[in-house]
Structure formats: C-alpha cells, structure tokens
Amino acid sequence: MDPDFVERRRIGLENFLLRVVSHPILCRDRIFYLFLTQEGNWKETVNETGFQLKADSRLKALNATFRVKNPDKRFTELKHYSDELQSVISHLLRVRARVADRLYGVYKVHGNYGRVFSEWSAIEKEMGDGLQSAGHHMDVYASSIDDILEDEEHYADQLKEYLFYAEALRAVCRKHELMQYDLEMAAQDLASKKQQCEELATGTVRTFSLKGMTTKLFGQETPEQREARIKVLEEQISEGEQQLKSKNLEGREFVKNAWADIERFKEQKNHDLKEALISYAVMQISMCKKGIQVWTNAKECFSKM
C-alpha cells in the first residue's frame, strides 16, 4: 500500500479505461458499463460469460497451433511480430533498470561531494564560502535523482503497457488458430461422411474401415439397412454443410474485425512509443544539461576563492 505504488497503479488503470473508452465497440460494452457504475456484482456478470473457461483453454490452443494445416500467413506473421515486440521491450526495460541503478550511484556520489565540501568549508577561512556554495550545488543535484527516477518510471510504465498488448496480439492469433482448426475438422468430417455415403450408394469401399471389415466377416447389409444408413448420412451431410458454412462466415467476420483492431493498434502503438521515447530522450538531455550546469556553478565557486 505504498502511496507512490498505489498512485502508479491508479494511473495505469485510468489509462486502460481511457483505452477502452476510445474503442468504438468496447466503449458500449455492458460489462464495462457495469464496472464503471457498480461497486459489486460486475464480477459475477463476467464469470457468467465463461471468460475463465476460454482463458484456460491454452492446451487446446497449443494443440490447434501444431495441427492447423492451412494457417493464415498474416496471423502467423503477427504472432512472430508480437513475440519480437515483447522481447525487444523486455530487453529495453532491463537495460533502463541497469542504467537507472548506475545513475542513482552517480548522483549519490555528488551527495558525498556536497558533504565533503561542506565539512571542508568549516575549517577554511578564505575558501569557506566557495566550498560551502559548491557543496550546496552538489547536494541539490544529488537530491534531484528521486524525481528523475520517478519520471523514468512513468515512461517505463508506458513501455510495460505494450508488453501486455503483445500478449493480447498472441491471444488474437490463438483464437484464430482455434477457429481455423475447428473449420478444418468440420471440413474433414464432412468429406468423410460424403465418402461413406458414396461408398454405400455404389457398393465400393475405397478406404480401409472397421465397418468394411465387419461386412466382409459377417456378410452384406440388407438393402433396407443400407438405405437407412444412407438417409442418416445425408442428414448428417446436410447438417455438416450448414455447420461448415456457418464456421466459414464466423471465421471471415472474426478476421475482418480482428484485423481492423490490429490496424488500430499499430497506429496507436506508433504514436505512443514515438511520444514516450522522444520524451525520455528530452528528459535525458535536460538531466545532462543540469549536470553540466552544476559543475559550471562549482567551477565559478572555486574560481572566486
């Protein structure tokens, strides 16, 4: 419950809510409205959607990844891009953390300079004022590191946000793979039933099957039995064709909506990351200028001794 940490989390939540509000579909979502207007019960509404069950279907998604025969090249490239984006941002954040640690040490060294100059000024008569002033400049510079690191954390949080977006991109790819896998399974099942129906109608068996082996061992079916089976298969084929058509439409609609969101994400990402990195560079330049100014002031103090 550290106040600074809580404030950072509050800012993060506010930014997330603003992202949702800016989305043309999510801004009208009923659960989002409940979250904003009710203190309780909105979690129960989320659970009723089966969200957790969908979130836990990673094993099925992994199976789909390896068994999809005709993956969409665009989503395959998007998955690779999201992996690389997360890797690059993670590496950048690790480097920033190491630099921040070293920077903190450098600033604290200036604090040591300030303390030494102040103590030295107490035993000097002619140089005392100059040393005291130089020590003051060093102390002020050393104490500014806390505000600098807090500002850096703000920019780091903006980069961390895109770590989660990279995972969201992968979730979209997994969803598409699952839909494509279901579509291919439905098409394969339909083709199998059509072949069975054709074999029953012509009386020729093209592939090995348990049913064909049973027929050879125990004799042929009666015409009535064969007709009944053909009728059942025709009904199943009709249902399968409708199901396949429905899955095709669902898949095309998903790709259309998902790709519109991905294009929106790319545009927003370019704007956000460019703005964050430029602001970070400007902050570093300003910080270096302050460091130069501190030593310039210290030089003037020493020159006046």
Asks: Can you sort out the partners of Met287 under side-chain contact (heavy atoms from CB on, under 4.5 Å), two or more places apart, ordered by chain and number?
Replies: Leu103, Tyr107, Ile148, Gln284
Asks: Between Asp29 and His23, does any side-chain donor sit less than 3.5 Å from a side-chain acceptor?
Replies: no
Asks: Can you check whether His137 reaches Cys301 side chain to side chain, under 4.5 Å on heavy atoms?
Replies: yes
Asks: Applying side-chain contact (heavy atoms from CB on, under 4.5 Å) to Gln268 and His271, what does each step give before you reach the verdict?
Replies: CA-CA 5 Å; Gln268 187 68 44; His271 175 270; 4.2 Å; yes
Asks: Is Glu7 salt-bridged to Arg10, cutoff N-O under 4.0 Å?
Replies: yes
Asks: Please list, chain by chain and in numerical order, all residues satisfying side-chain contact (heavy atoms from CB on, under 4.5 Å) with Gln236, sequence neighbours excluded.
Replies: Lys193, Val232, Leu233
Asks: Fit a plane to each ring of Tyr165 and Phe265, take the angle between them on a 0 to 90° scale, and name the class: parallel (under 30°), tilted (30 to 60°) or perpendicular (over 60°).
Replies: perpendicular
Asks: Would you say the rings of Trp259 and Phe75 are close, in the sense that their centroids are separated by under 6.0 Å?
Replies: yes
Asks: Looking at Glu250 and Lys247, does any basic side-chain N land under 4.0 Å from a carboxylate oxygen?
Replies: no
Asks: Take Leu92 and Leu159, measure what side-chain contact (heavy atoms from CB on, under 4.5 Å) needs, and give me the verdict at the end.
Replies: CA-CA 9 Å; Leu92 180 60; Leu159 294 176; 3.7 Å; yes
Asks: Could you list who else is in Val140's hydrophobic cluster, with ILVMFWY side chains joined at under 4.5 Å, directly or through other members?
Replies: none
Asks: Compute whether any side-chain donor of one residue and acceptor of the other, for Gln180 and Glu184, lie under 3.5 angstrom apart.
Replies: yes
